[in-house]
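Reminder, nothing fancy here: chain letters follow the sequence lines and each chain counts from 1.
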Protein chains: 2
Amino acid sequence: MKYRELAKILKVEIDKGKYRDTGKLPTEPELMEQFGATRYCVRNAIAMLVELGDVYPVQGSGMFVRENRREGCLNINGTRGMTSEFPGHSVSSKLIKLEQREAGADSARLKCAVDAKVYSVSRLRLLDDEPFAIEYALYLKEFVPYLNEEIASGSIYAYIREDLGLSTGFADKLIYARELDHGRADLLGLSAGDPALVVEDDAYLASGRMFNAGTVYYHYKKATFFNFADLK
Amino acid sequence: MKYRELAKILKVEIDKGKYRDTGKLPTEPELMEQFGATRYCVRNAIAMLVELGDVYPVQGSGMFVRENRREGCLNINGTRGMTSEFPGHSVSSKLIKLEQREAGADSARLKCAVDAKVYSVSRLRLLDDEPFAIEYALYLKEFVPYLNEEIASGSIYAYIREDLGLSTGFADKLIYARELDHGRADLLGLSAGDPALVVEDDAYLASGRMFNAGTVYYHYKKATFFNFADLK
DNA sequence: GAGTGGTCTAGACCACATT
DNA sequence: ATGTGGTCTAGACCACTCA
């Protein structure tokens, strides 16, 4: 039994409400018994759940299950795109632009050569067929060698991970608020000068190479981000 | 040698630029040797740095040090308050309101009894003597038995941790953008209808009990949040 | 005092990157 | 082939909570 498997199993059980009666996970010895796992495995699995904010530890007392209600929120630490954050809703994209060009002035942000080839993708993202966000994204062709309209209209991250087989590592994000200009306000069905929640996102592969930079303008009445922070 | 100590030492060394030449930490065996530590200790220490985004692992290759430029940004996972995010700047607060009352309608958010006693604190937070944010915070008197104007004008979190000796556990945050009303716009030196970056913050003790809930309206031209996300 | 999670030791073998 | 980090075993003792 590997600890990632165990973490997955426990996560599903928690989401199904299995431990809602006691509010606690079984103790380490109990989990070792139940899953025929070593303490190493059990503790690593639980550590993953702690990082996700699903449980918290109280020494001498147990692992307590958290009541997380973050429905309708975008998890800012999320590895998952919009698609998986809104179950029961339709998430789609309207492609505004898809072009291949040289990085040029964007080479500084992408940490690549000035003449490196990139895909530039602009999309209007829709939630239940209503404008939700405007996304501008750059992908280094070195890592994402092919993109077409069909792929760019769906989940680009799913394509990158599942079809291209790239393993993502980490991402830096900047979050701030700005006034919308006319063009973007029109796309979102808002007025110029209305607020926008803006997220700049630099994404890296597990190898440490940046492969994607994006800037997203969210509809301020529809988008709320959720964050779980460890204060220890 | 405890792993938290080692993590602290390595963190300081990284910040001083000690590993900038190679861009990598020493290998595990080297660190074990250098600090007379076991592999358990070394790996746990490094795991803490990975969580903070200071290094990232590449299996078979090493632990790479990241170039983090987050100056002038508020770390959204930060355990530290504003005070420590802006070194070289003056951070102060102008107390707007400090009162003691019953939770009442706020009991739902604070997960406490309706007649639980709370401190309600409103502050205008200043960066270099300019309005930076408006903060509304509630503290359960059960855990924060005393607050006065002097404490509320300084770092309340430092008081809670260092003077009251409470150990904080985790926090949930919601981040969104809104239009400012006249009152808050005046306080921030902005106009009604201008954007505000809003953060709702529910903070828990290590025991899992919520002790603090806050809502902060940030000046949209001055506040930018930074987030580091693990995509693995 | 019994039971909980937290720290630690001293090994072994595996997966991956580099030479 | 070697060296790197990742997984795993099988223990021991410590810190803390709770009855």
note: A:Arg39, atom CZ; C:dG3, atom P; distance rounded to Å ~ 15 Å

Separation of C:dT4 atom P from A:Phe64 atom CZ, nearest Å, is 12 Å

Residues 2-42 of chain A vs ring pair (Phe, Tyr, Trp, His ring centres under 6.0 Å), sequence neighbours excluded, gives none

In the 5' to 3' direction, the nucleotides of DNA chain D bounding the stretch that comes under 4.0 Å of a heavy atom in chain B are D:dG3 to D:dT7

Do B:Glu99 and B:Tyr119 pass the side chain to side chain contact (heavy atoms under 4.5 Å, CB included) test, and can you show the C-alpha distance, the side-chain angles, and the key distance before you say yes or no?
CA-CA 6 Å; B:Glu99 66 171 17; B:Tyr119 277 107; over 6 Å; no

Note: for B:Ser61 and A:Asn44 on DNA chain D, the residue whose nearest nucleotide lies more 5' is B:Ser61

For this session: Would you check if the side chain of B:Arg109 reaches a backbone N or O of B:Gly214 as a donor-acceptor pair within less than 3.5 Å?
Result: yes

Whole-Å distance, B:Gln59 CD to C:dA15 C1', equals 5 Å

Minimal heavy-atom distance between B:Asp172 and A:Phe226, with the atoms involved, is OD1-CZ, 3.6 Å

To the nearest 0.5 Å, atom NZ of B:Lys173 lies from atom CG of B:Asn227 at 10.0 Å

Between B:Asn212 and B:Tyr157, does any side-chain donor sit less than 3.5 Å from a side-chain acceptor? yes

